[in-house]
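Structure first, commentary second.
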Amino acid sequence: MAKLAFLGLGNMGLAMAANLLKAGHTLTVYNRTAAKAAPLQTQGATVAATPAEAARGAEAVFTMVTDDDALTELVTGPEGMLHGLAPGAVHISCSTVAPATTTRLAEVHAAHGSEFVAAPVFGKPDAAAAAKLWLGLAGPPAARARVQPWLAPLGQGVHEFGDDPAAASVVKLCGNFMLGAAIEAMAEAFTLAEKSGVGRQPIYDFLVGTLFNCPVYQGYGRMIASKNYTPVGALPPIIRKDFRLVLDHAQQLAAPMPLAQLVHNRMSTTVARGEDDVDWTAFARRVSEDAGLEA
């Protein structure tokens, strides 16, 4: 058992931290809104007042926050973890951030004498609670081996992507892009079927039960077929940010991604309309609206 810290207690982070406690680790937690730490405190976690305080004495510090600025602040801010993190300790970054941000943080940790690995996760909050996340892992070989026992309580598998932490961030962006592309494809197909007099549910039952029999098409497809975009897995503003990261990285590499641009535009419309109480899959509504099927 290890002494760990967890910074960032949104829906994902809260569930992940709870699973580390269940596994028997000693855990100190920090969240900008301290009240969110209350459920973990009742389970035995210690609540810290700052990231630096949370990191003090920890063998590893997990971070799970919404964007690059928040992650950078947690690490390098006036009360950031580097002010408490001991040399040789490891930072496990689970957030969806730009590869360039991951590279900068790896350099900061190297200068500090601490270790850094990127371990972004795939899965909704219910998957996090059930310890069924999938994790991509990249970083120095010794650090990757060291963190494996601490990642095990979080999910159903860890896939490694080499020594450069930025590689895991690239994989996360690629995965989110593929999810968005699948949602767009299903929305267009189900809308075409509906306008042709074929019900959305029958085509969902057939295609998802045969050619596209996988969790992504099953779960997201069910929401699109029924036009019921709850429960919320990820909010539209967060995924819009992720697609901006995809497009920024693609532009740096001169890699055209027209479908990513389309999904980003769909997300921008969803955010502009103030649809902040639905899953990001709700951008499928835009396809129905374009076809005259929504008010």
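Please read all numbers here as calculations on a predicted model, not as lab measurements. Sequential numbering from 1 along the given sequence is applied to the chain's residues.
A continuous path of ILVMFWY side-chain contacts below 4.5 Å connects Tyr220 to Val278, so both sit in one hydrophobic cluster. Val170 and Leu259 are members of different hydrophobic clusters when ILVMFWY side chains are connected at heavy-atom separations under 4.5 Å. Residues Ile203 and Val216 fall within the same hydrophobic cluster, defined by Ile, Leu, Val, Met, Phe, Trp and Tyr side chains chained together at heavy-atom separations under 4.5 Å. Put simply, Val90 and Val29 are part of the same group of oily side chains (I, L, V, M, F, W, Y) that touch within less than 4.5 Å, one to the next. The cluster map of Ile, Leu, Val, Met, Phe, Trp and Tyr, joined by side-chain heavy atoms under 4.5 Å apart, puts Val158 and Phe6 in the same cluster.
From Lys22, atom NZ reaches atom CD of Gln43 across 7.0 Å, with rounding to the nearest 0.5 Å. If you take OG1 on Thr191 and CE on Met186, they are separated by 11.5 Å, rounding to the nearest 0.5 Å. In this structure, the separation between OG1 on Thr270 and OH on Tyr229 is 9.5 Å, given to the nearest 0.5 Å. Taken from CG in Leu133 to CZ in Phe122, the straight-line distance is 11.0 Å, to the nearest 0.5 Å. The line from CZ of Arg244 to CG of Asp67 is 8.0 Å long, rounded to the nearest 0.5 Å. Atom-to-atom distance recorded for Thr96:OG1 and Asp242:CG is 5.0 Å, nearest 0.5 angstrom.
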- Item | Residues Asp290, Arg266; criterion salt bridge (Lys or Arg N to Asp or Glu O under 4.0 Å); working and verdict | CA-CA 11 Å; Asp290 290 347; Arg266 302 278 199 208; 2.8 Å; yes
- Message: Does Arg200 form a salt bridge (Lys or Arg N to Asp or Glu O under 4.0 Å) with Glu194? I'd like the steps, not just the answer.
- Response: CA-CA 6 Å; Arg200 296 169 77 96; Glu194 183 179 355; 2.9 Å; yes
- Task: Take Thr50 and His83 through the test side chain to side chain contact (heavy atoms under 4.5 Å, CB included) and record every step on the way to the result.
- Result: CA-CA 10 Å; Thr50 67; His83 296 288; over 6 Å; no
- Query: Which is it for Glu289 and Arg273 under the salt bridge (Lys or Arg N to Asp or Glu O under 4.0 Å) test, yes or no, and what are the steps along the way?
  - Reply: CA-CA 13 Å; Glu289 290 167 353; Arg273 293 189 175 197; 2.9 Å; yes
- Apply the test side chain to side chain contact (heavy atoms under 4.5 Å, CB included) to residues Leu247 and Gln251: give CA-CA distance (whole Å), side-chain angles for both, the deciding distance (0.1 Å), then the verdict. CA-CA 6 Å; Leu247 291 168; Gln251 184 176 34; over 6 Å; no
- Is there a salt bridge (Lys or Arg N to Asp or Glu O under 4.0 Å) between Lys132 and Asp126 once you walk through the steps? CA-CA 9 Å; Lys132 291 186 176 181; Asp126 58 347; over 6 Å; no
- Run the numbers on Ile183 and Trp280 for side chain to side chain contact (heavy atoms under 4.5 Å, CB included), then give the verdict. CA-CA 10 Å; Ile183 293 167; Trp280 73 290; 3.6 Å; yes
- Query: Going through the distances and angles, do Ser114 and His91 end up as a side-chain hydrogen bond (donor to acceptor under 3.5 Å, both in side chains)?
  - Reply: CA-CA 8 Å; Ser114 48; His91 173 193; over 6 Å; no
- Evaluate side-chain hydrogen bond (donor to acceptor under 3.5 Å, both in side chains) for Ser288 paired with Arg285, printing each intermediate quantity in order. CA-CA 5 Å; Ser288 296; Arg285 288 174 176 164; over 6 Å; no
- For side chain to side chain contact (heavy atoms under 4.5 Å, CB included), just list the numbers for Glu160 and Arg144, CA-CA rounded to whole Å, side-chain angles, deciding distance to a tenth of an Å, and then say yes or no. CA-CA 8 Å; Glu160 298 192 29; Arg144 295 203 313 268; 2.6 Å; yes
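Within 6.0 Å of CG in Asp164 there are more than 12 heavy atoms belonging to other residues, nucleotides or ligands.
Other members of the hydrophobic cluster containing Val61, listed by chain and number, are Leu7, Tyr30, Val65, Leu71, Leu74, Val75, Met81, Leu82, Leu85, Val97, Leu105, Val108, Phe116; membership follows side-chain contacts under 4.5 Å among ILVMFWY residues, whether direct or relayed. Taking Ile, Leu, Val, Met, Phe, Trp and Tyr as hydrophobic and joining them when side-chain heavy atoms fall under 4.5 Å apart, one finds Val287 isolated, its cluster having no other members.
Using cut-offs of 30° and 60° for the angle between ring planes, the Phe190 and Tyr204 rings count as perpendicular.
Looking at Glu184, Glu275, Glu188 one by one, the single match for salt bridge (charged side-chain N to carboxylate O under 4.0 Å, His left out) with Arg286 turns out to be Glu275.
No donor-acceptor pair under 3.5 Å is formed between the side chain of Lys3 and the backbone N or O of His25. A donor-acceptor pair under 3.5 Å is formed between the side chain of Lys172 and the backbone N or O of Val121. No donor-acceptor distance shorter than 3.5 angstrom exists from the side chain of Arg56 to the backbone of Gly84, with no hydrogens or angles considered. The backbone N or O of Leu9 lies less than 3.5 Å from a partner atom in the side chain of Asn31, making a donor-acceptor pair. In this structure, Lys36 contributes its side chain and Leu14 its backbone to no donor-acceptor pair below 3.5 Å. Of the possible polar contacts, none joining the Asp276 side chain to the Pro236 backbone as a donor-acceptor pair under 3.5 Å is found.
Residues Glu115 and His109 fail the side-chain proximity criterion, which asks for heavy atoms closer than 4.5 Å. When side chains are defined from C-beta on, Leu137 does not count as touching Phe161, because their heavy atoms never get closer than 4.5 Å. Side-chain contact between Leu245 and Asp68 is present, with heavy atoms from C-beta onward closer than 4.5 Å.
In the model, Asp205 has a side-chain atom that pairs as donor or acceptor with a side-chain atom of Gln201 under 3.5 Å. Side-chain N/O atoms of Ser169 and Thr102 include a donor and acceptor closer than 3.5 Å.
Remark: Gln218 pairs with Asn213 by the side chain to side chain donor-acceptor pair (under 3.5 Å) rule, at least two apart or across chains.
A pairwise comparison of heavy atoms in Leu21 and Gly44 identifies CD2-C, 4.4 Å as the closest pair.
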